[in-house]
Amino acid sequence: METTINPSVDLHRDDTASKIGMWLFIFTEILLFGGLFIVYSVYRFRNPVAFHLAHQELSVTMGFINTVILLISSATVAIAITAMQKHNKKLTMIMLGLTLLLALVFMINKYFEWGAKFEHGMYPGSELMANLGHGDMLFFSLYFFMTGLHGVHIIIGMVLLTITLIKVKSGAVNAGKYQLLENSGLYWHLVDLIWIFLFPLFYLIH
Amino acid sequence: MSEEKTHVVSIKTHLLVLFTLIILTVITVLITSIELGPYNTAAALVIATAKALVVLLYFMHLRFDEPIYRIMFGLVIAIFVAVIIVTFFDYLYR
Amino acid sequence: MAEQTIHHQEPNYLEYQGKYKGLAGWLTTTDHKRIGLLYFYSMMTFFLSGVVMGLLMKYELIAPGEQIMGAQTYNGLFTLHGLTMIFLFVIPGVAAVYGNFFLPILIGAKDVAFPRLNLASWYLYIIGAIVVLISQFMGDGPPDTGWTFYAPYSLKTNTNVVAAVTGAFILGFSSILTGLNFIVTMHRMRAPGMGWMRMPLFCWTLYGTGWIQLLATPIIGITFLMVMAERLLGIGFFDPTIGGDPILYQHLFWIYSHPAVYIMILPAMGVITEIIPTFARKTIFGYTAIIISSMAIAFVGYFVWGHHMFTSGMSSTSRWVFSLLTFLVAIPSAIKVFNWTATMYKGSINIQPPFLWAIAFIFVFMIGGFSGLVVGSLATDIHVHDTAFVVAHFHYIVFGGTGFAFFGALHYWYPKMFAKMYNIRVANIGLLIFFIGFNLLYFPMFYLGLMGMPRRYYDYIPMFEPANLLSTIGSWIMAIGLTVILVNLSRARKMTGKAVDDPWDGKTLEWQIQSPPTVENFEEIPTVTTGPYDYK
């Protein structure tokens, strides 16, 4: 009987496997936020007026700027991968650095946005929030929880991208072996994807 | 090793995609400032879905990858949407 | 189906000395077989402590009135019993132990796709277990909510819910990563010739399970995070006094926890599907039908969660929708039972302990399944909801299903895992005692439930005494049976002499390699030329 060596087992590296693994993890993340979207849709369905009034407390301009920032950062990660495929290490690093910078700007914006709310006494557990009407309470609970969880994902993404940047610099991630770059890129796009839905759902209720 | 052929998306394409995404964002902001009744929410969601699709297909390379990724992604979203629909059998008729 | 591997001097996985020796060698291993055994030993520890809790509760219920514990202790005990058995034993259960050990071997691979991630999953499992344990001793006493943590009580009780919920969250992560690992393994590591439609059916059930783990577990993860946020930060999601909807909590909880039942039962069905052809000495009947039914169970299982909530106050439309969908899921389960029996028909049956466990599985699983129809149909469920009937039903399914398959698998693969053969006669006697005890323990609960005895009470009115007494005696008999089984198995490890590599004349790949398997499983990756159950 003929015995062939299965390449995917004998070579220790299997980029396709890590890519499938990353996608599966992204599915898990989507369903994690999916649970929150279910909660959001149920409560918005039950409290349409309160949600509409409460959303006016949020600044559309702020949300719009952050959306654009995340979209640009998604593009820069995508360009970083293209640059890597074209053996342009310098451009890859510039683009990754740019992404990190944009992520930081996003977080700073978020800090001011949340900070303004906190200043008005609107934060989880505050007296003001406890005395809100039912619908408003649910709206702001969801707002803080969902954007907060999204912020946590931004931070995780930043850590991933930083590690990738360091490895690109050291040459551990290179044009022949850049699965880590692709996977951190995928993760970053996921963060962007979620925000694409968070933005209209919280800032643009009509 | 990788038996999948890697498809290099040009930087120009990425910039074009980014431009599209920003235009869509502007449209979604503008559309919610005019009165469309219940269609406002629908419009916002349709545009968000379009943006998500663009990100998935181009930035996340789904368009150039093996079909298996698209199939998996489609099934996951289908299950999620079905779960929402089934949940709303409760809230719509309560 | 594949070439017999010649015995050689390479160390087997039990004796292999890596970088670290002894216990450290086990705790740093990335060998899927060792990780499978790590799961096995930790799981047996939790299982046995869960059994002790069950025995204590049954003793409390031996007669009306307080016997050995009061209401609050009983509440804490059934919560911990549920947490332990559900999250630490049956959910990871068959998949984490036998899936880890045998999935790579069954598809002709040397390990899973991500061995280090696999070890990390085990550590997450242990950390989660420790956090659940901590919840018992810290804060204001053990949680008393039941394993379901229903809002708003879980938001209001002073007991240590946050820690328990955190533990369950971590365990969920472990489960997700295991599922992810298995799916990628099956996509990428099948041996040459091992097409999808040549995979042993146990692998297919693991594939379905993996997808449920990936897509359902995050929902409960986020729900538990919301409960934590609500308790710690005082923001509102489920508390009705601030506008939340406690029924939504139930929705989210069961969106995961019903599919979780299929996380438990699918791999169990997979094990039975491996055992039956081997001992009927016949190819499985309807290979494709079993695959389709497994996938159908995994898929339809997502949309039946509402049958846990018939009396919760959700809309009547959704009640009949869920009832209808629930009946649908019974169809693929029944298809499997027909396939198993059809496989045995005209086979030359070799009656051995694993086969008897499989038969016992089918028997108790059928009782569990039929009683499931009673609780799944709207009208009858209103009558038996939250009674001992439900307790009997899910113990027949979860313990009778997953538990029986777990021990069946242990008897089936024991000679492969340890290269020792246990005493067949004692194993059969143990099973008999266990089986009698099991039915004596749980069957009276059907009656008690129909008569109206509620679940989760430490006390009851005198009319329920005879059946409860019977049930308690059953719990003792079952414990004796369990002891016989486990002593028999652990004594076998110390026996001299080696079991043959293929004691049952199995045809799947694990029987073609030496026992215990070497570290790399296969000297050379085999090329597969036929389907999995190739009996002529």
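No hydrogens, no waters, no symmetry mates; every other heavy atom, side chains included, goes into these values. Letters go in sequence order (proteins before strands), and every chain restarts at 1.
The aromatic rings of C/Y249 and C/Y150 lie perpendicular to each other, with more than 60° between the two planes, well past the 30° mark. In this structure, C/H258 and C/H307 have perpendicular ring planes: the angle between them is above 60°, well past the 30° mark.
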(message) Using the rule given for ring-ring contact (aromatic ring centres under 6.0 Å, His included), can you reason through C/H251 versus C/Y256, listing the C-alpha separation, both sets of side-chain angles and the distance that settles it, and then say yes or no?
(response) CA-CA 9 Å; C/H251 276 299; C/Y256 164 72; over 10 Å; no
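Taking both residues in full, the closest heavy atoms of C/I219 and C/I222 are given as O-CG2, 3.1 Å, listed atom of the first, atom of the second, then distance. In plain terms, the two heavy atoms of C/V528 and C/A191 that are nearest each other are CG2-CB, 4.5 Å.
Here ring-ring contact (aromatic ring centres under 6.0 Å, His included) pairs that include residues 26-50 of chain B, with residues two or more places apart or in two chains, number zero.
In this structure, C/Y302 and C/I212 have side chains that are in contact, with non-hydrogen atoms separated by less than 4.5 Å. Annotation: side chain of C/I382 is in contact with side chain of C/R319 (closest heavy-atom distance under 4.5 Å).
For a residue to count as touching a neighbouring chain, one of its non-hydrogen atoms must lie under 4.5 Å from one of that chain's; by this rule C/L248 touches chain B with backbone and side chain alike. Heavy-atom distances place both the backbone and the side chain of C/I247 under 4.5 Å from chain B.
The main-chain N or O of C/G236 is never found under 3.5 Å from a side-chain atom of C/E230 such that the two would form a donor-acceptor pair. In this structure, B/S33 contributes its side chain and B/L30 its backbone to a donor-acceptor pair below 3.5 Å.
Within residues 15-27 of chain B, no residue has any heavy atom closer than 4.5 Å to a heavy atom of chain C. Residues of residues 41-56 of chain B lying under 4.5 angstrom from chain C, judged on non-hydrogen atoms, do not exist. Against chain C, the residues from residues 80-94 of chain B that qualify, each with a non-hydrogen atom under 4.5 angstrom away, are B/A82, B/V83, B/V86, B/T87, B/F89, B/D90, B/Y91, B/Y93, B/R94 in number order.
A side-chain N or O of C/H32 and one of C/N521 form a donor-acceptor pair less than 3.5 Å apart.
Heavy atoms from other residues, nucleotides or ligands lying under 6.0 Å from CH2 of C/W196 number more than 12.
If you look at B/H14 and B/F59, their ring centroids are closer than 6.0 Å. Ring centroid separation for the pair C/F149 and C/Y153 does not come in under the 6.0 Å cut-off.
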